[in-house]
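As structure tokens, the structure follows; a few thoughts come after it.
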Amino acid sequence: MSTVPPLEAKEPANPWLILLAALAIPGAGHLMLGQPQRALIFLFFMAVFGWVTLRLMPEDASFFSRHSGAILIYGFCALDAYRIARVRRALWLAATSPAERPPAQLK
């Protein structure tokens, strides 16, 4: 079973915009890509890893150390959304002829 969604007729979202949204709000990039389940999975694991590192670290540890599990998953979430957006854009660019693209996409 293929996990690649069918190509869209319209231009996919800009990967940099997806990355910006994913960095601003965890899961927002996946929501913009139409993958709410993936966003919820990342949010769930952020909560789990954040809770585990919060409980395992000593009281005098820094904020970053105590929340490093959640921060790690947060970074993976943003990078994953960006990667998906880049792949979709590359597939769309390869499938469309230069005449079908908006003028900004011509090389």
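Keep in mind the model is a prediction, meaning the values are calculated, not measured.
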Drop me the distance from [X]'s [atom1] to [Y]'s [atom2], to the nearest 0.5 angstrom.
X	Y	atom1	atom2	result
Ser62	Met57	OG	CE	8.5 Å
Arg86	Leu79	CZ	CG	10.5 Å
Asp80	Ile73	CG	CD1	11.0 Å
Ile25	Met32	CD1	CE	10.5 Å
Met46	Ile41	CE	CD1	14.5 Å
Ser65	Asp60	OG	CG	9.5 Å

With distance as the sole test, does [X] use its side chain to make a donor-acceptor pair with the main-chain N or O of [Y] at under 3.5 Å?
X	Y	answer
Arg88	Leu33	yes
Arg89	Pro12	yes
Thr96	Trp92	yes

Residues forming a side-chain contact (heavy atoms from CB on, under 4.5 Å) with [X], sequence neighbours excluded:
X	value
Ala70	none
Ala47	none
Leu23	Leu19, Ala78

What closest approach, in Å, do [X] and [Y] show between heavy atoms, and which atom pair accounts for it?
X	Y	value
Ala21	Ala28	O-CB, 3.5 Å
Ala13	Ile18	CB-CD1, 3.8 Å
Gly27	Ala39	O-CB, 3.5 Å

In short, ring-ring contact (aromatic ring centres under 6.0 Å, His included) pairs touching residues 68-91 with sequence neighbours left out are Trp16-Tyr82
Of all pairs that satisfy ring-ring contact (aromatic ring centres under 6.0 Å, His included), the ones with a partner from residues 17-46, not counting sequence neighbours:
His30-Phe42
If hydrophobic clusters are built from ILVMFWY residues whose side chains come within less than 4.5 Å, do Ile84 and Leu17 share one?
yes
Can you list the steps and then say if Phe49 with Leu72 is a side chain to side chain contact (heavy atoms under 4.5 Å, CB included)?
CA-CA 9 Å; Phe49 278 70; Leu72 176 72; 5.5 Å; no
Got a sec, which residues hit ring pair (Phe, Tyr, Trp, His ring centres under 6.0 Å) with Phe63, two or more places apart in sequence or on another chain?
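Ring pair (Phe, Tyr, Trp, His ring centres under 6.0 Å) list for Phe63, sorted by chain: His67.
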